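Contents: one structure, followed by commentary.
No hydrogens, no waters, no symmetry mates; every other heavy atom, side chains included, goes into these values. Predicted model, so just to flag it, every value in this text is computed and none were measured. Chain naming here is simple, since letters A, B, ... match the order of the sequence lines and numbering starts at 1 in each.
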Amino acid sequence: MSERRPIGIFRASWSVLRKDLVLEWRTRARLNALVFFAVATLLMFSFALGPDSKLLEKHAGAYFWLAILFSSVLSLGESFRVEMENACLDGLKLAPVDGRAVFLGKAFGNALMLLLLALVVLPIMGALYGIHLPLGPVWLITTVVLGCLAISAPGTVYAAIAVHARARDVLLPLLLFPLLVPALLAAVKATTLVLQGDPQDDLGDWMKLLGAFDAIYWSLGFVLFPRVIED
Amino acid sequence: MFRVVVFLAITILTGLALRFSVRSARLAIGFGLLGLVTVAIGGYLGLVVAPPERDMGDVYRILYVHVPAAWVGLLCVCLNFGACVAYLFKADWGADSFAEATAEVGLCFSTIAIVLGSIWAKPTWGVYWTWDPRLTTYAIMIVSYSAYLVLRGFIDDPERRAVWSSVVGIIAGVDIPIVYFSVNWWNTLHQQQSSPQTVSKPMVLPLDVSGFAFLFVMICFIALRHRIARARRAEEIAPPEALPSTSREAA
Amino acid sequence: MTPHLTQLVLQQAPAAPVGRIVGGWGYVWACYGIAWSGMALYALSLWVRRPKRKEPSP
């Protein structure tokens, strides 16, 4: 038998990610459901708050991120439910794949899913709430990317835990929402500044907070996730 | 410098006290009784002896129960974090039980702290709630650690429960300072609430006494709750009783 | 300059009552009551949940 080279961690992550993306592309069921859910949530906010378009425009950032957050619970839960069927996660563990590679693959997959969702929802939100981009699209995209990364890392860890517990649909948001408060604050603030202008030049600070949150939780997830999925 | 030394000394002594109390129910109850007495003394000092404050009159006396409760709540979070990290390094039922105990006791004291803080806010700031960084951080802390305990309740396998709740405890513990920092930042864009920062000399003694009182009560509670957790673990992992006897040849 | 001026003005004012907030003992008793009863209730819950001594198996 020939000597097998150990699979590098990034190659393994890429395999996991590609598997998820191919699966998702074949059915596109998850993405469709997420888009409809997010748009429905945005509509609900509009109806709940009334037709005052000034108010909606002012708080568009907040509604956007709340819609993404609520959708993320569905998305994250689904990403691990598919592994539970047919014991796929056990299969992954039996193949010589490092738990950390599974984390990177899964978390990036979840982040990509949220990013796609966000990019689809943004123009719809633009139409619904009448938003402008005084600072240009680059900052908006950066904020959205950082925010999706922030939801995805701890969300992946918690989804892996919640999917095994009873009442998994309640447990995931219960665990995730208090954790994400700083990221939510920063993302909403940054998005609002991007959409409404930044007179005091605070945007950099909020982006740094969001970036720091991402760095901390991606590192923690990288270290802790293998313990979550090991037997 | 003196304060740092005192803080370290208290930390080390608390650690030792916990170490011995978890093994001996008597010692734990001893701390509880000591705490009861000290609470009474602290209450007397705070309610009767301490002079009224310049701006807040007598209402400020709430500080003598609110601040120690908040300190203990935060201390329990730190202890929980330590226990979770310890468990991931070495799987030990003692560490897991300690994590469970500190989470619950911390939740108890944090809830007391936040309720008292809210009641205190009414006469001083006019509202029951503000997005003050400390109050908000405690609110997040309470939800996080309630979620931690709910998670523990939902997992039946003791080992998985221990590993997963350690992971959750670490992630939640790291979040607390981030929440404080970000809410503080968030608030600086709105008005700053003033809160009594400096405490004058005759008011320090009741605060210190009450602080120790709550600390002793905390030690008692954690130690007793730890015993309960350990007993439950022992029950869960014990082999089933009433196995068919193998030595029936005598009949 | 301003603190100095404030001090001058305060010195002119008649002796202020003991605190700007007068009374409020209701709040104080509520808080102490909640703190003490909260701890007592938790202690009670610990007592109720205490581990039972296992009888030695026959």
Side-chain angles (χ1 to χ4, degrees), chain A residues 99 103 150 153-190 192-193 199-200 202 205-206 208-210 212-221 223-231, chain B residues 77 81 84-85 87-91 96 103 107 110 131 133 135-157 159-190:
Chain A
F103 171 72
T156 304
V157 176
Y158 281 169
I161 292 175
V163 83
H164 288 104
R166 302 198 299 265
R168 60 177 75 134
D169 298 319
V170 162
L171 200 54
L172 181 57
L174 180 61
L175 286 170
L176 196 57
F177 286 176
L179 179 74
L180 287 178
V181 162
L184 182 68
L185 278 181
V188 169
K189 272 280 164 231
T192 308
L193 289 172
Q200 287 166 328
D202 286 327
D205 288 339
W206 292 113
K208 275 187 236 163
L209 175 61
L210 202 49
F213 187 92
D214 286 348
I216 292 172
Y217 279 100
W218 276 80
S219 318
L220 268 181
V223 168
L224 294 173
F225 187 82
R227 300 301 302 266
V228 170
I229 60 170
E230 78 187 6
D231 277 318
Chain B
V77 165
F81 183 81
C84 291
V85 171
Y87 185 84
L88 288 183
F89 275 107
K90 182 177 179 222
D96 178 54
L107 197 59
S110 300
W131 296 102
L135 271 179
T136 311
T137 307
Y138 271 82
I140 304 283
M141 208 159 94
I142 286 171
V143 180
S144 290
Y145 286 91
S146 305
Y148 172 92
L149 291 172
V150 166
L151 174 73
R152 288 191 72 102
F154 278 161
I155 306 173
D156 298 319
D157 177 19
E159 274 164 20
R160 275 185 158 181
R161 181 199 306 140
V163 173
W164 289 347
S165 54
S166 299
V167 169
V168 170
I170 290 173
I171 292 180
V174 168
D175 193 44
I176 302 300
I178 302 177
V179 169
Y180 181 79
F181 184 60
S182 56
V183 175
N184 205 8
W185 222 348
W186 188 56
N187 255 351
T188 56
L189 301 177
H190 309 276

Heavy-atom proximity to chain B below 4.5 Å, by part of V181(A): side chain
Would you sort out whether I176(B) and Y138(B) count as a side chain to side chain contact (heavy atoms under 4.5 Å, CB included), showing the intermediate values? CA-CA 9 Å; I176(B) 302 300; Y138(B) 271 82; over 6 Å; no
Could you check whether the rings of W185(B) and W206(A) sit parallel, tilted or perpendicular, using 30° and 60° as the cut-offs? tilted
With a 4.5 Å cut-off on heavy-atom pairs, point out which of I171(B), V174(B), T136(B) contacts chain A the most. I171(B)
Counting heavy-atom pairs closer than 4.5 Å to chain A, which one of D157(B), I155(B), I170(B), V168(B) comes out on top? V168(B)
May I have the step-by-step check of side chain to side chain contact (heavy atoms under 4.5 Å, CB included) for D202(A) and K189(A), ending in yes or no? CA-CA 9 Å; D202(A) 286 327; K189(A) 272 280 164 231; over 6 Å; no
For L174(A), which atoms come within 4.5 Å of any heavy atom of chain B: side chain, backbone, both, or neither? both
Set out, in order, the CA-CA distance, both residues' side-chain angles and the distance that settles side chain to side chain contact (heavy atoms under 4.5 Å, CB included) for Y217(A) and L179(A), then state yes or no. CA-CA 10 Å; Y217(A) 279 100; L179(A) 179 74; 3.4 Å; yes
Let's go through R152(B) and D96(B) carefully: what are the C-alpha distance in whole Å and the side-chain angles of both, what is the deciding distance for side chain to side chain contact (heavy atoms under 4.5 Å, CB included) to 0.1 Å, and is it a yes or a no? CA-CA 11 Å; R152(B) 288 191 72 102; D96(B) 178 54; 3.0 Å; yes
Contact class of V170(A) relative to chain B, heavy atoms under 4.5 angstrom: neither
What part of F177(A) lies closer than 4.5 angstrom to a heavy atom of chain B: side chain, backbone, both or neither? neither
Taking all heavy atoms of L176(A) and all of P154(A), pick out the closest pair and write down the distance. CD1-C, 4.0 Å
From the list L88(B), I140(B), V183(B), the residue making the most non-hydrogen contacts under 4.5 Å with chain A is L88(B)
Portion of Y158(A) that has a non-hydrogen atom of chain B nearer than 4.5 angstrom: side chain
Compare every heavy atom of C84(B) with every heavy atom of G169(B), then report the nearest pair and how far apart it is. CA-SG, 3.8 Å
What are the two closest heavy atoms between L210(A) and A150(A), and how far apart are they? CD1-CB, 4.3 Å
Can you tell which part of L171(A) gets under 4.5 Å to a heavy atom of chain B, answering side chain, backbone, both or neither? side chain
One option among L185(A), L175(A), L224(A) has the most heavy-atom pairs under 4.5 Å with chain B, and it is L185(A)
Per-residue contact mode, R160(B) against chain A (heavy atom under 4.5 angstrom): side chain
Using a cut-off of under 4.5 Å for heavy-atom pairs, which of V143(B), I178(B), V163(B) has the most such pairs with chain A? I178(B)
